[in-house]
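Worksheet: the structure to be examined is printed underneath.
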Protein chains: 2
Amino acid sequence: MGTKGDNNRARIVEAADQLFYKRGYNQTSFSDIADITGIPRGNFYYYFKTKDEILSAVVDARVKQYQAALNDCDKASDDPRERLLAFADMLSSNEDTIVESGCPIGTLCSELAKGNGTLQSKSREVFEVVRDWLAKQFAELGFDDADDRAMDMLARMQGVSVISSAFKDSAYLKRSINDLKVWINGLTLN
Amino acid sequence: MGTKGDNNRARIVEAADQLFYKRGYNQTSFSDIADITGIPRGNFYYYFKTKDEILSAVVDARVKQYQAALNDCDKASDDPRERLLAFADMLSSNEDTIVESGCPIGTLCSELAKGNGTLQSKSREVFEVVRDWLAKQFAELGFDDADDRAMDMLARMQGVSVISSAFKDSAYLKRSINDLKVWINGLTLN
DNA sequence: GTCTATATGTAGATAGAC
DNA sequence: GTCTATCTACATATAGAC
(Lines give C-alpha, C1' and ligand atoms only; values in the text may rest on other atoms or scores of the structure.)
Protein backbone atom coordinates (compact mmCIF):
# COMPACT_ATOMS: atom_id res chain seq x y z
CA MET A 1 0.00 0.00 0.00
CA GLY A 2 1.19 3.44 -0.93
CA THR A 3 3.73 1.93 -3.33
CA LYS A 4 4.17 3.01 -6.92
CA GLY A 5 2.58 -0.22 -8.06
CA ASP A 6 -0.67 0.54 -6.31
CA ASN A 7 -0.66 3.91 -7.98
CA ASN A 8 -0.29 2.36 -11.42
CA ARG A 9 -3.00 -0.11 -10.64
CA ALA A 10 -5.35 2.70 -9.68
CA ARG A 11 -4.52 4.60 -12.87
CA ILE A 12 -5.31 1.54 -14.97
CA VAL A 13 -8.65 1.13 -13.21
CA GLU A 14 -9.48 4.81 -13.62
CA ALA A 15 -8.69 4.81 -17.35
CA ALA A 16 -10.58 1.55 -17.86
CA ASP A 17 -13.55 2.99 -15.97
CA GLN A 18 -13.78 5.93 -18.36
CA LEU A 19 -13.24 3.82 -21.48
CA PHE A 20 -15.72 1.12 -20.48
CA TYR A 21 -18.27 3.90 -20.12
CA LYS A 22 -17.50 5.88 -23.27
CA ARG A 23 -16.78 2.97 -25.64
CA GLY A 24 -18.07 -0.12 -23.88
CA TYR A 25 -16.26 -3.02 -22.28
CA ASN A 26 -15.84 -5.17 -25.37
CA GLN A 27 -14.72 -2.26 -27.51
CA THR A 28 -12.02 -1.21 -25.08
CA SER A 29 -8.62 -2.78 -25.67
CA PHE A 30 -5.50 -2.98 -23.52
CA SER A 31 -3.86 -0.72 -26.08
CA ASP A 32 -6.51 1.95 -25.48
CA ILE A 33 -5.83 1.88 -21.76
CA ALA A 34 -2.08 1.85 -22.39
CA ASP A 35 -2.33 4.90 -24.65
CA ILE A 36 -4.13 6.91 -21.98
CA THR A 37 -2.06 5.88 -18.98
CA GLY A 38 1.30 5.57 -20.70
CA ILE A 39 1.65 2.18 -19.03
CA PRO A 40 2.67 -0.52 -21.55
CA ARG A 41 0.13 -3.28 -22.28
CA GLY A 42 2.35 -6.02 -20.96
CA ASN A 43 2.47 -4.46 -17.51
CA PHE A 44 -1.24 -4.92 -17.00
CA TYR A 45 -0.66 -8.58 -16.27
CA TYR A 46 1.38 -7.73 -13.25
CA TYR A 47 -1.74 -6.20 -11.69
CA PHE A 48 -4.50 -8.27 -13.29
CA LYS A 49 -4.54 -11.83 -14.55
CA THR A 50 -7.23 -11.17 -17.19
CA LYS A 51 -9.32 -8.40 -18.70
CA ASP A 52 -12.23 -9.70 -16.65
CA GLU A 53 -10.30 -8.86 -13.51
CA ILE A 54 -9.94 -5.29 -14.69
CA LEU A 55 -13.70 -5.13 -15.10
CA SER A 56 -14.11 -6.52 -11.62
CA ALA A 57 -11.84 -3.81 -10.23
CA VAL A 58 -13.74 -1.15 -12.16
CA VAL A 59 -17.05 -2.37 -10.74
CA ASP A 60 -15.57 -2.34 -7.22
CA ALA A 61 -14.43 1.24 -7.79
CA ARG A 62 -17.85 2.25 -9.03
CA VAL A 63 -19.55 0.62 -6.07
CA LYS A 64 -17.41 2.72 -3.73
CA GLN A 65 -18.00 5.82 -5.81
CA TYR A 66 -21.79 5.40 -5.71
CA GLN A 67 -21.75 4.55 -2.03
CA ALA A 68 -19.90 7.79 -1.38
CA ALA A 69 -22.35 9.77 -3.51
CA LEU A 70 -25.34 8.21 -1.75
CA ASN A 71 -23.69 8.97 1.56
CA ASP A 72 -23.61 12.61 0.51
CA CYS A 73 -27.33 12.42 -0.22
CA ASP A 74 -27.87 10.96 3.24
CA LYS A 75 -26.02 13.83 4.83
CA ALA A 76 -27.95 16.38 2.78
CA SER A 77 -31.15 15.98 4.81
CA ASP A 78 -33.01 13.98 7.44
CA ASP A 79 -36.05 13.88 5.18
CA PRO A 80 -35.94 10.88 2.82
CA ARG A 81 -37.91 12.85 0.26
CA GLU A 82 -35.21 15.49 0.21
CA ARG A 83 -32.63 12.77 -0.14
CA LEU A 84 -34.38 11.38 -3.19
CA LEU A 85 -34.44 14.86 -4.65
CA ALA A 86 -30.73 15.22 -3.96
CA PHE A 87 -30.24 11.98 -5.84
CA ALA A 88 -32.23 13.30 -8.77
CA ASP A 89 -30.04 16.39 -8.75
CA MET A 90 -27.05 14.16 -9.40
CA LEU A 91 -28.66 13.21 -12.69
CA SER A 92 -28.96 16.85 -13.65
CA SER A 93 -25.27 17.43 -13.20
CA ASN A 94 -24.51 14.53 -15.52
CA GLU A 95 -26.90 15.46 -18.31
CA ASP A 96 -24.28 15.80 -21.01
CA THR A 97 -22.62 12.46 -20.41
CA ILE A 98 -25.95 10.66 -20.12
CA VAL A 99 -27.07 11.94 -23.52
CA GLU A 100 -23.72 10.99 -24.96
CA SER A 101 -23.13 7.55 -23.43
CA GLY A 102 -26.20 6.65 -21.38
CA CYS A 103 -26.13 5.56 -17.75
CA PRO A 104 -22.77 4.08 -16.71
CA ILE A 105 -24.47 1.34 -14.71
CA GLY A 106 -27.27 0.50 -17.09
CA THR A 107 -25.24 0.43 -20.28
CA LEU A 108 -22.60 -1.79 -18.70
CA CYS A 109 -25.24 -4.22 -17.43
CA SER A 110 -26.98 -4.24 -20.80
CA GLU A 111 -23.75 -4.98 -22.60
CA LEU A 112 -22.65 -7.71 -20.23
CA ALA A 113 -26.14 -9.24 -20.01
CA LYS A 114 -25.37 -10.72 -23.43
CA GLY A 115 -22.15 -12.39 -22.30
CA ASN A 116 -20.99 -14.84 -19.66
CA GLY A 117 -22.80 -15.01 -16.35
CA THR A 118 -19.86 -14.08 -14.15
CA LEU A 119 -19.42 -10.61 -15.61
CA GLN A 120 -23.16 -10.28 -15.67
CA SER A 121 -23.63 -10.67 -11.94
CA LYS A 122 -20.52 -8.65 -11.20
CA SER A 123 -21.81 -5.63 -13.13
CA ARG A 124 -25.14 -5.92 -11.33
CA GLU A 125 -23.47 -5.05 -8.02
CA VAL A 126 -23.58 -1.33 -8.71
CA PHE A 127 -27.31 -1.50 -9.37
CA GLU A 128 -27.80 -3.36 -6.12
CA VAL A 129 -26.18 -0.58 -4.11
CA VAL A 130 -28.51 2.02 -5.60
CA ARG A 131 -31.53 -0.25 -5.33
CA ASP A 132 -30.94 -0.86 -1.63
CA TRP A 133 -30.43 2.82 -0.96
CA LEU A 134 -33.60 3.79 -2.79
CA ALA A 135 -35.57 1.09 -0.95
CA LYS A 136 -34.29 2.49 2.34
CA GLN A 137 -35.63 5.94 1.45
CA PHE A 138 -39.04 4.60 0.46
CA ALA A 139 -39.18 2.53 3.63
CA GLU A 140 -38.48 5.62 5.69
CA LEU A 141 -41.26 7.39 3.83
CA GLY A 142 -43.54 4.66 5.13
CA PHE A 143 -44.07 2.53 2.04
CA ASP A 144 -44.46 -1.16 2.77
CA ASP A 145 -43.56 -1.97 -0.84
CA ALA A 146 -40.32 -0.05 -0.62
CA ASP A 147 -38.29 -2.40 -2.79
CA ASP A 148 -40.93 -2.36 -5.53
CA ARG A 149 -40.81 1.42 -5.48
CA ALA A 150 -37.05 1.31 -5.68
CA MET A 151 -37.20 -0.92 -8.74
CA ASP A 152 -39.75 1.40 -10.36
CA MET A 153 -37.62 4.46 -9.80
CA LEU A 154 -34.55 2.65 -11.02
CA ALA A 155 -36.43 1.61 -14.16
CA ARG A 156 -37.71 5.09 -14.70
CA MET A 157 -34.22 6.54 -14.66
CA GLN A 158 -32.88 3.81 -16.90
CA GLY A 159 -35.62 4.35 -19.45
CA VAL A 160 -34.94 8.06 -19.56
CA SER A 161 -31.23 7.39 -20.02
CA VAL A 162 -31.74 4.92 -22.85
CA ILE A 163 -34.16 7.15 -24.74
CA SER A 164 -32.29 10.43 -24.31
CA SER A 165 -29.10 8.71 -25.41
CA ALA A 166 -30.71 6.90 -28.36
CA PHE A 167 -32.28 10.11 -29.67
CA LYS A 168 -29.46 12.36 -28.44
CA ASP A 169 -32.20 14.50 -26.95
CA SER A 170 -31.05 16.60 -24.02
CA ALA A 171 -34.31 18.56 -23.92
CA TYR A 172 -36.17 15.33 -23.29
CA LEU A 173 -33.72 14.42 -20.56
CA LYS A 174 -34.16 17.76 -18.82
CA ARG A 175 -37.92 17.49 -18.96
CA SER A 176 -37.86 13.93 -17.64
CA ILE A 177 -35.61 14.71 -14.72
CA ASN A 178 -37.98 17.51 -13.83
CA ASP A 179 -40.94 15.12 -14.12
CA LEU A 180 -39.09 12.77 -11.78
CA LYS A 181 -38.67 15.49 -9.18
CA VAL A 182 -42.33 16.42 -9.42
CA TRP A 183 -43.18 12.76 -8.93
CA ILE A 184 -40.95 12.54 -5.85
CA ASN A 185 -42.54 15.64 -4.39
CA GLY A 186 -45.99 14.20 -4.98
CA LEU A 187 -45.29 10.83 -3.36
CA THR A 188 -48.00 9.94 -0.85
CA LEU A 189 -48.96 6.82 1.01
CA ASN A 190 -52.25 5.28 0.02
CA MET B 1 -35.48 -11.32 -56.98
CA GLY B 2 -36.65 -14.82 -56.24
CA THR B 3 -33.17 -16.12 -57.00
CA LYS B 4 -31.17 -18.39 -54.74
CA GLY B 5 -28.86 -15.47 -53.94
CA ASP B 6 -31.67 -13.43 -52.46
CA ASN B 7 -32.59 -16.39 -50.33
CA ASN B 8 -29.06 -16.65 -48.96
CA ARG B 9 -28.98 -12.95 -48.33
CA ALA B 10 -32.18 -13.18 -46.34
CA ARG B 11 -30.82 -16.10 -44.34
CA ILE B 12 -27.70 -14.14 -43.46
CA VAL B 13 -29.81 -11.20 -42.31
CA GLU B 14 -32.07 -13.44 -40.26
CA ALA B 15 -29.17 -15.16 -38.50
CA ALA B 16 -27.42 -11.84 -37.91
CA ASP B 17 -30.65 -10.42 -36.50
CA GLN B 18 -30.85 -13.17 -33.89
CA LEU B 19 -27.15 -13.02 -33.02
CA PHE B 20 -27.02 -9.24 -32.76
CA TYR B 21 -29.85 -9.53 -30.27
CA LYS B 22 -28.58 -12.45 -28.21
CA ARG B 23 -24.86 -11.61 -28.20
CA GLY B 24 -24.63 -8.01 -29.38
CA TYR B 25 -23.36 -6.52 -32.62
CA ASN B 26 -19.71 -6.27 -31.69
CA GLN B 27 -19.60 -9.75 -30.20
CA THR B 28 -21.07 -11.37 -33.29
CA SER B 29 -18.55 -12.53 -35.86
CA PHE B 30 -18.92 -13.62 -39.47
CA SER B 31 -17.95 -17.09 -38.32
CA ASP B 32 -20.91 -17.15 -35.93
CA ILE B 33 -23.28 -16.31 -38.76
CA ALA B 34 -21.56 -18.82 -41.04
CA ASP B 35 -21.93 -21.57 -38.45
CA ILE B 36 -25.68 -21.02 -38.19
CA THR B 37 -26.47 -20.56 -41.86
CA GLY B 38 -23.93 -22.98 -43.28
CA ILE B 39 -22.91 -20.23 -45.69
CA PRO B 40 -19.11 -19.78 -45.73
CA ARG B 41 -17.75 -16.48 -44.36
CA GLY B 42 -16.23 -15.45 -47.66
CA ASN B 43 -19.59 -15.45 -49.38
CA PHE B 44 -20.92 -12.68 -47.21
CA TYR B 45 -18.97 -10.19 -49.24
CA TYR B 46 -20.93 -11.07 -52.31
CA TYR B 47 -24.04 -9.71 -50.56
CA PHE B 48 -22.55 -7.05 -48.28
CA LYS B 49 -19.45 -4.91 -48.61
CA THR B 50 -18.91 -4.62 -44.86
CA LYS B 51 -20.25 -5.79 -41.53
CA ASP B 52 -21.87 -2.37 -41.16
CA GLU B 53 -23.96 -3.15 -44.23
CA ILE B 54 -25.23 -6.31 -42.57
CA LEU B 55 -26.30 -4.25 -39.60
CA SER B 56 -28.05 -1.84 -41.92
CA ALA B 57 -29.94 -4.72 -43.52
CA VAL B 58 -30.86 -6.09 -40.09
CA VAL B 59 -32.24 -2.72 -39.04
CA ASP B 60 -34.24 -2.50 -42.25
CA ALA B 61 -35.66 -5.94 -41.55
CA ARG B 62 -36.57 -4.98 -38.01
CA VAL B 63 -38.24 -1.80 -39.18
CA LYS B 64 -40.47 -3.85 -41.48
CA GLN B 65 -41.11 -6.38 -38.74
CA TYR B 66 -42.21 -3.72 -36.25
CA GLN B 67 -44.27 -1.92 -38.86
CA ALA B 68 -46.11 -5.16 -39.52
CA ALA B 69 -46.66 -5.77 -35.81
CA LEU B 70 -47.95 -2.24 -35.28
CA ASN B 71 -50.22 -2.72 -38.26
CA ASP B 72 -51.68 -5.71 -36.49
CA CYS B 73 -52.31 -3.53 -33.45
CA ASP B 74 -54.05 -1.01 -35.70
CA LYS B 75 -56.33 -3.69 -37.07
CA ALA B 76 -57.10 -5.00 -33.59
CA SER B 77 -59.38 -2.08 -32.71
CA ASP B 78 -60.63 1.37 -33.68
CA ASP B 79 -60.01 2.59 -30.15
CA PRO B 80 -56.43 3.90 -29.74
CA ARG B 81 -56.50 2.85 -26.11
CA GLU B 82 -57.18 -0.73 -27.12
CA ARG B 83 -54.38 -0.48 -29.64
CA LEU B 84 -51.95 0.60 -26.95
CA LEU B 85 -53.09 -2.34 -24.85
CA ALA B 86 -52.55 -4.67 -27.80
CA PHE B 87 -49.04 -3.26 -28.05
CA ALA B 88 -48.43 -3.93 -24.35
CA ASP B 89 -49.61 -7.49 -24.92
CA MET B 90 -46.77 -7.96 -27.37
CA LEU B 91 -44.40 -7.35 -24.49
CA SER B 92 -46.07 -10.08 -22.47
CA SER B 93 -45.49 -12.64 -25.19
CA ASN B 94 -41.79 -11.78 -25.23
CA GLU B 95 -41.19 -11.89 -21.49
CA ASP B 96 -38.59 -14.64 -21.55
CA THR B 97 -36.40 -13.08 -24.22
CA ILE B 98 -36.63 -9.63 -22.61
CA VAL B 99 -35.38 -10.96 -19.27
CA GLU B 100 -32.63 -12.82 -21.07
CA SER B 101 -31.41 -10.24 -23.56
CA GLY B 102 -33.34 -7.03 -22.97
CA CYS B 103 -35.24 -5.09 -25.62
CA PRO B 104 -33.91 -5.78 -29.14
CA ILE B 105 -34.22 -2.11 -30.09
CA GLY B 106 -32.95 -0.56 -26.88
CA THR B 107 -29.96 -2.80 -26.35
CA LEU B 108 -28.82 -2.33 -29.95
CA CYS B 109 -29.10 1.45 -29.66
CA SER B 110 -27.30 1.44 -26.32
CA GLU B 111 -24.47 -0.62 -27.73
CA LEU B 112 -24.09 1.44 -30.88
CA ALA B 113 -24.48 4.75 -29.06
CA LYS B 114 -20.89 4.22 -27.95
CA GLY B 115 -19.56 3.77 -31.49
CA ASN B 116 -19.52 5.69 -34.75
CA GLY B 117 -22.38 8.03 -35.57
CA THR B 118 -23.52 6.26 -38.72
CA LEU B 119 -24.49 3.03 -37.01
CA GLN B 120 -25.92 5.09 -34.17
CA SER B 121 -28.47 6.89 -36.32
CA LYS B 122 -29.21 3.76 -38.32
CA SER B 123 -30.12 1.76 -35.22
CA ARG B 124 -32.37 4.62 -34.08
CA GLU B 125 -34.68 4.05 -37.04
CA VAL B 126 -36.54 1.22 -35.33
CA PHE B 127 -37.23 3.43 -32.32
CA GLU B 128 -38.55 6.13 -34.61
CA VAL B 129 -41.13 3.79 -36.10
CA VAL B 130 -42.48 2.89 -32.67
CA ARG B 131 -42.29 6.46 -31.43
CA ASP B 132 -44.33 7.75 -34.36
CA TRP B 133 -46.91 5.02 -33.96
CA LEU B 134 -47.29 5.68 -30.22
CA ALA B 135 -47.59 9.42 -30.86
CA LYS B 136 -50.36 8.73 -33.36
CA GLN B 137 -52.31 6.79 -30.74
CA PHE B 138 -51.94 9.51 -28.12
CA ALA B 139 -52.95 12.13 -30.67
CA GLU B 140 -56.09 10.16 -31.44
CA LEU B 141 -56.80 10.00 -27.73
CA GLY B 142 -56.80 13.79 -27.80
CA PHE B 143 -53.48 14.62 -26.22
CA ASP B 144 -51.85 17.73 -27.61
CA ASP B 145 -48.47 16.58 -26.25
CA ALA B 146 -48.74 13.27 -28.07
CA ASP B 147 -45.05 13.00 -28.92
CA ASP B 148 -44.02 13.71 -25.33
CA ARG B 149 -46.36 10.95 -24.19
CA ALA B 150 -44.87 8.63 -26.79
CA MET B 151 -41.37 9.32 -25.50
CA ASP B 152 -42.52 8.72 -21.93
CA MET B 153 -44.09 5.39 -22.77
CA LEU B 154 -41.05 4.38 -24.80
CA ALA B 155 -38.82 5.26 -21.85
CA ARG B 156 -41.03 3.39 -19.46
CA MET B 157 -40.76 0.20 -21.50
CA GLN B 158 -37.03 0.60 -21.93
CA GLY B 159 -36.50 1.08 -18.23
CA VAL B 160 -38.46 -2.03 -17.42
CA SER B 161 -36.47 -4.01 -19.99
CA VAL B 162 -33.10 -2.84 -18.67
CA ILE B 163 -33.96 -3.55 -15.05
CA SER B 164 -35.64 -6.91 -15.58
CA SER B 165 -32.72 -8.03 -17.71
CA ALA B 166 -30.06 -6.69 -15.33
CA PHE B 167 -31.64 -8.44 -12.35
CA LYS B 168 -32.95 -11.40 -14.37
CA ASP B 169 -36.25 -10.75 -12.64
CA SER B 170 -39.24 -12.01 -14.61
CA ALA B 171 -41.62 -11.37 -11.72
CA TYR B 172 -40.71 -7.71 -11.84
CA LEU B 173 -41.26 -7.67 -15.60
CA LYS B 174 -44.71 -9.24 -15.24
CA ARG B 175 -45.72 -6.74 -12.59
CA SER B 176 -44.44 -3.80 -14.62
CA ILE B 177 -46.24 -4.80 -17.79
CA ASN B 178 -49.39 -5.04 -15.73
CA ASP B 179 -48.72 -1.61 -14.24
CA LEU B 180 -48.30 -0.30 -17.77
CA LYS B 181 -51.68 -1.67 -18.81
CA VAL B 182 -53.32 -0.14 -15.74
CA TRP B 183 -51.70 3.16 -16.66
CA ILE B 184 -52.99 2.95 -20.24
CA ASN B 185 -56.49 2.20 -18.99
CA GLY B 186 -56.33 5.16 -16.65
CA LEU B 187 -55.17 7.66 -19.24
CA THR B 188 -57.33 10.78 -19.18
CA LEU B 189 -57.06 14.25 -20.69
CA ASN B 190 -56.50 17.04 -18.23
C1' DG C 1 -23.15 -17.32 -57.47
C1' DT C 2 -20.38 -20.27 -54.60
C1' DC C 3 -16.42 -21.79 -52.54
C1' DT C 4 -11.39 -22.17 -50.54
C1' DA C 5 -7.41 -20.09 -49.36
C1' DT C 6 -5.36 -16.32 -47.62
C1' DA C 7 -4.09 -11.42 -46.50
C1' DT C 8 -3.88 -8.12 -42.81
C1' DG C 9 -4.78 -6.22 -38.52
C1' DT C 10 -5.40 -6.44 -33.75
C1' DA C 11 -7.11 -8.71 -29.74
C1' DG C 12 -5.76 -10.87 -25.12
C1' DA C 13 -2.06 -13.06 -23.03
C1' DT C 14 3.06 -14.80 -22.08
C1' DA C 15 8.27 -14.88 -21.58
C1' DG C 16 12.02 -13.23 -19.98
C1' DA C 17 15.61 -9.33 -19.69
C1' DC C 18 16.44 -5.60 -16.67
C1' DG D 1 8.10 -3.66 -10.55
C1' DT D 2 8.81 -2.29 -15.29
C1' DC D 3 9.64 -2.97 -19.92
C1' DT D 4 10.09 -5.09 -24.90
C1' DA D 5 9.34 -8.67 -27.82
C1' DT D 6 6.48 -12.10 -29.04
C1' DC D 7 2.86 -15.94 -29.14
C1' DT D 8 -1.63 -17.48 -30.51
C1' DA D 9 -6.21 -16.78 -31.79
C1' DC D 10 -9.53 -14.70 -34.30
C1' DA D 11 -11.49 -10.56 -36.39
C1' DT D 12 -12.80 -8.31 -41.04
C1' DA D 13 -11.82 -8.42 -45.56
C1' DT D 14 -9.80 -9.98 -50.35
C1' DA D 15 -8.34 -12.91 -54.40
C1' DG D 16 -9.26 -15.86 -57.48
C1' DA D 17 -10.58 -20.79 -58.95
C1' DC D 18 -14.75 -23.07 -60.16
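Each chain gets a letter, A, B and so on, in the order the sequences are listed, and its residues count up from 1.
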I need the [atom1]-[atom2] distance between [X] and [N], as an integer number of Å.
{"X": "R41(A)", "N": "dC7(D)", "atom1": "CZ", "atom2": "P", "result": "16 Å"}
{"X": "I12(A)", "N": "dG12(C)", "atom1": "CD1", "atom2": "P", "result": "13 Å"}
{"X": "K51(A)", "N": "dA11(C)", "atom1": "NZ", "atom2": "P", "result": "9 Å"}
{"X": "D35(B)", "N": "dA11(D)", "atom1": "CG", "atom2": "C1'", "result": "14 Å"}
{"X": "N26(B)", "N": "dT10(C)", "atom1": "CG", "atom2": "P", "result": "16 Å"}
{"X": "F48(A)", "N": "dT14(C)", "atom1": "CZ", "atom2": "P", "result": "15 Å"}
{"X": "Y46(A)", "N": "dA15(C)", "atom1": "OH", "atom2": "P", "result": "17 Å"}
{"X": "E53(A)", "N": "dT14(C)", "atom1": "CD", "atom2": "P", "result": "11 Å"}

Within the 3.5 Å criterion, strictly below it, is a donor on S29(A) or D32(A) matched to an acceptor on the partner's side chain?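 Yes.
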
Quick test of your reading: applying ring-ring contact (aromatic ring centres under 6.0 Å, His included), list the pairs with at least one residue in residues 11-42 of chain A, sequence neighbours left out, ordered by first then second residue. F20(A)-Y25(A), F30(A)-F44(A), F30(A)-Y45(A)

Please check if the side chain of R131(A) supplies one atom and the backbone of M151(A) the other of a donor-acceptor pair under 3.5 Å.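 No; zero donor-acceptor contacts below 3.5 Å.
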
Can you tell me how far apart CD (E53(A)) and CG (D60(A)) are? Round to the nearest 0.5 Å.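 If I round to the nearest 0.5 Å, the distance is 11.0 Å.
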
Going from NZ on K114(A) to OG1 on T107(B), what distance comes out if it is rounded to the nearest 0.5 angstrom? 3.5 Å

For the side chain of [X], starting at C-beta, report the closest nucleotide among [options].
{"X": "Y47(A)", "options": "dA13(D), dT2(C), dT2(D)", "result": "dT2(D)"}
{"X": "P40(B)", "options": "dG1(D), dC3(D), dC3(C)", "result": "dC3(C)"}
{"X": "F30(A)", "options": "dC3(C), dA13(C), dT12(D)", "result": "dA13(C)"}
{"X": "Y45(A)", "options": "dA13(C), dC3(D), dT14(D)", "result": "dA13(C)"}

Are S31(A) and dT10(C) close enough that a side-chain N or O sits under 4.0 Å from OP1 or OP2?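 Answer is no, no contact under 4.0 Å.
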
side-chain N/O N43(B) vs dG1(C) OP1/OP2, d < 4.0 Å: no

Closest nucleotide of DNA chain C for S29(A) versus for G42(A): which of these residues is on the 5' side? S29(A)

